[in-house]
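We count ligands from 1, going down the list as the structure has it; atoms in each ligand are counted the same way.
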Amino acid sequence: MALLQIAEPGQSSEPHQHRVAIGIDLGTTHSLVAAVRSGEAKVLQDEQDRVLLPSIVHYAQQPNQIQYGDDAKSFLLTDPQNTIVSVKRFMGRSKADIKFQHPYTLLGSDHEMPTFQTTAGEKTPVEISADILNQLRIRAEKTLEHPLNGAVITVPAYFDEAQRQATRDAAELAGLKVLRLLNEPTAAAVAYGLDKDSNLAIDQNYVIYDLGGGTFDVSVLRFSQGVFEVLATGGHTALGGDDLDRLIVKWLKEQLQIEELNNEQYANFILSAKTAKEKLSDDHTINISLEKKEITLDRATFESIIQTALDRTIHVCKRVLRDAKLTIDDIQNVVLVGGSTRSYAVQQAVAEVFQQEPLCTINPDEVVAIGAAITANQLVGNSKDGSLLLDVTPLSLGLETMGGLVERLVSRNTAIPVARRQEFTTYKDGQTAMLIHVVQGERDLVEHCRSLGRFVLHDIPPMTAGQARIEVTFQVDADGLLSVSAKETTSGVQAKIDIKPSYGLSDKDMERLLVEGFQHAEEDKNLRHLQETKVEAKRELEALTQALTVDSDLLNQSQKENLDHAQQHLAKTLETTDIKDIEQAIETLKLHSDEFAALRMNRHIDKALSGTKLDDWSNSSSE
Ligand code: ADP
Ligand code: MG
């Protein structure tokens with residue numbers, strides 16, 4: 001079967017011209033860079049032969065005195081406020097999203113990405129990540145002695161649009177041309193050549209098990225017709241090698257019969273535990289010297305010590321497999337990623353649950369960067385084996401829903417070909433037609449996006465509002481051609497439209513749509529909330545009017561007046577954009593309409609009961 005070869009839009013792959021591109025794993029605890037050299041993907045070292053750059057940046061008062069990685073480590077103890085670690089956890093997050101503990105002073109409003117207050121001034125997570133990426137870019141330029149044609153940066157599969165956009169911005173700020181953001185598990189699969197499996201006619205499913213220093217991620221990927229699709233992801237944001245170290249410390253305390261450790265002892269114990277754990281990946285038994293005593297630790301004991309942590313990861317694996325609607329037999333390969341998977345006990349546990357030997361021949365700290373480098377090399381047109389390139393949708397695709405809002409079906413950067421299906425329903429009783437308006441862009445309001453086309457689904461059988469089931473399918477083929485179809489599931493009526501998206505956009509327009517989407521994210525969120533509230537309120541008013549035509553006799557004069565007044569007041573506020581007023585008016589209306597609803601319910605229960613009685617006595621269907 002011929003594999004898809006799709007060039008990145010705007011990128012021709014001229015022959016005979018070697019281009020240099022890099023892959024970067026921008027990690028929570030470590031970052032690194034790799035590139036394909038003489039046909040082989042290799043990690044790049046710094047001047048001191050180090051591959052892993054700890055993702056730590058220390059900002060000093062002098063603007064030019066920034067320390068990175070190992071050089072910044074010592075400041076963690078002496079100057080924690082200005083020494084930023086794990087900045088990845090802050091990327092694309094609003095201040096309100098950040099619920100974990102950290103030693104930093106964050107500035108900015110709750111709904112914005114925060115800035116760190118440092119002695120070198122205010123720094124956004126994007127800038128700090130850019131500083132890390134910049135180091136890696138400099139390293140690559142020095143080692144490769146060639147101008148860079150672009151970079152592939154990896155991101156966790158669960159990263160949302162805002163987190164991806166923040167990563168992209170950081171890379172651009174660091175002077176890198178982003179060829180693509182690649183999911184970390186996909187990169188790991190590419191590193192093992194799982195996209196080159198000889199048996200490509202059949203869909204392949206892979207599990208990527210990533211146990212790092214502080215986080216655990218597991219993803220199920222499907223490789224189908226030249227494209228990796230993420231079927232399901234799961235994990236723990238606070239479960240990793242650090243937890244294994246803590247469990248060993250607990251055991252050590254028991255062995256030495258020590259109840260409490262002072263800070264200095266604790267630091268010492270943690271260090272010994274980490275060293276012991278890492279040594280056990282090579283040796284079967286090791287000795288730990290602490291408090292003037294020697295303690296022996298073997299693999300079997302280590303395994304039992306960390307069993308609770310292992311069990312938690314296995315539990316997540318099983319859940320993710322269920323989410324992907326697969327069983328163990330459906331999994332062709334399991335790939336190990338992250339430093340902690342060097343432990344024999346971890347490999348054993350994974351092998352046992354998936355009933356197969358996991359792939360771990362490539363250094364698990366490096367495998368993601370290696371896969372990114374291979375992809376980068378393909379994207380600049382260097383691969384000779386005619387292998388596939390994956391392409392992605394450059395902008396999000398969605399359709400208009402009530403209130404002029406956009407419902408996104410296919411997010412930007414989704415690998416194509418792709419199909420996404422979602423159910424919609426009718427807004428009014430007896431509605432027999434539905435307008436499907438297809439739009440493209442990152443904004444929440446239709447008016448800010450680009451309209452791609454519209455069509456009408458006719459002949460929907462009349463039903464109560466909300467009952468019809470309209471299935472809308474978006475399909476983007478390998479050439480980026482979009483077709484949208486809508487089908488009412490009970491009657492089977494359908495309609496369809498073909499649209500040529502995105503490539504009709506100039507680079508300038510595309511950039512504008514992206515930039516606007518990013519700049520207006522906050523504003524859009526508020527507008528969306530306003531529009532959704534308005535739609536809900538209108539629905540409420542409509543339902544109430546209906547109910548009143550049937551049951552208004554249940555109300556006395558003053559109840560009627562109150563309800564009428566509340567209705568009119570809400571209708572009036574709906575003409576404004578004051579969300580507080582509208583919410584208030586909804587509350588007031590609710591107060592009166594709840595009373596009415598209770599009366600109606602009583603009446604209908606009475607009716608139903610009397611109906612039963614009659615039916616009990618005779619077979620007559622009359623009430
Ligand atoms: P992250 O993905 O979070 O940046 P890494 O993948 O670099 O983290 O993993 C770091 C973790 O791997 C640490 O907890 C470290 O102790 C552990 N680790 C490193 N080498 C080994 C080894 N040889 N055996 C077991 N664990 C190891
Ligand atoms: Mg990692």
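- Of the polar atoms of Asp210, none of the N or O atoms is found under 3.5 Å from an N or O of ligand 1, judged by distance alone.
- The pair Glu260-Lys253 does not count as a salt bridge, with every side-chain nitrogen at least 4.0 angstrom from each carboxylate oxygen.
- Salt bridge absent: Asp243 and Arg312 never bring a charged side-chain N and a carboxylate O closer than 4.0 Å.
- At under 3.5 Å, not a single nitrogen or oxygen of Asp245, backbone or side chain, sits near a nitrogen or oxygen of ligand 1.
- In this structure, the protein non-hydrogen atom closest to atom 7 (O) of ligand 1 is His30 ND1, 2.7 Å.
- Counting heavy-atom neighbours within 6.0 Å of Asn263 CG, excluding the residue itself, gives a total of 12 or less.
- Per-residue contacts place Ser281 under 4.0 angstrom from the following atoms of ligand 1 (heavy atoms of the residue considered): 22 (C), 23 (N), 24 (N), 25 (C).
- The protein non-hydrogen atom at the shortest distance from atom 19 (C) of ligand 1 is Glu278 OE2, 3.5 Å.
- With Leu221 as the fixed residue, the side-chain contact (heavy atoms from CB on, under 4.5 Å) test singles out one of Leu194, Ile208, Val207: Ile208.
- From Leu321, atom CG reaches atom CZ of Phe354 across 6.0 Å, with rounding to the nearest 0.5 Å.
- The only option from Val346, Val337, Leu336 that meets the side-chain contact (heavy atoms from CB on, under 4.5 Å) definition with Cys360 turns out to be Leu336.
- In the vicinity of Lys274, heavy-atom distances shorter than 4.0 Å reach the ligand 1 atoms 14 (O), 16 (O).
- Residue Thr29 approaches ligand 1 through these ligand atoms, each under 4.0 Å from one of its heavy atoms: 1 (P), 3 (O), 4 (O), 8 (O).
- We find that Glu141 and Arg137 are joined by a salt bridge, their nearest charged nitrogen and carboxylate oxygen being less than 4.0 Å apart.
- For atom 27 (C) of ligand 1, the nearest protein heavy atom (residue, atom name, distance) is Gly339 O, 3.2 Å.
- Proximity of Gly240 to ligand 1 is not established, as no heavy-atom distance is less than 4.0 Å.
- In terms of polar-atom proximity, defined here as any N/O pair under 3.5 Å, Thr28 makes no such contact with ligand 1.
- With respect to atom 2 (O) of ligand 1, the closest heavy atom belonging to the protein is Gly212 CA, 3.9 Å.
- Residue contacts with ligand 1, taken as heavy atom pairs separated by less than 4.0 Å, involve Ser340 via backbone and side-chain atoms alike.
- A donor atom on one side chain and an acceptor atom on the other are not found under 3.5 Å apart for Thr119 and Gln61.
- A distance of 5.5 Å separates OG1 in Thr105 from CD in Gln117, rounded to the nearest 0.5 Å.
- Residue-to-ligand polar distances place Arg342 within reach of ligand 1: an N/O pair is separated by less than 3.5 Å.
- Close approach of ligand 1 to Gly338 is summarised as follows: ligand atoms under 4.0 Å from at least one heavy atom of the residue are 6 (O).
- Considering backbone and side-chain atoms alike, Gly213 places an N or O below 3.5 Å from some N or O of ligand 1.
- Heavy-atom contacts of Lys277 reach the following atoms of ligand 1: 14 (O), 15 (C), 16 (O), 17 (C), 26 (N) (cutoff under 4.0 Å).
- Legend: side chain to side chain donor-acceptor pair (under 3.5 Å) pairs involving residues 34-43, not counting sequence neighbours: none detected.
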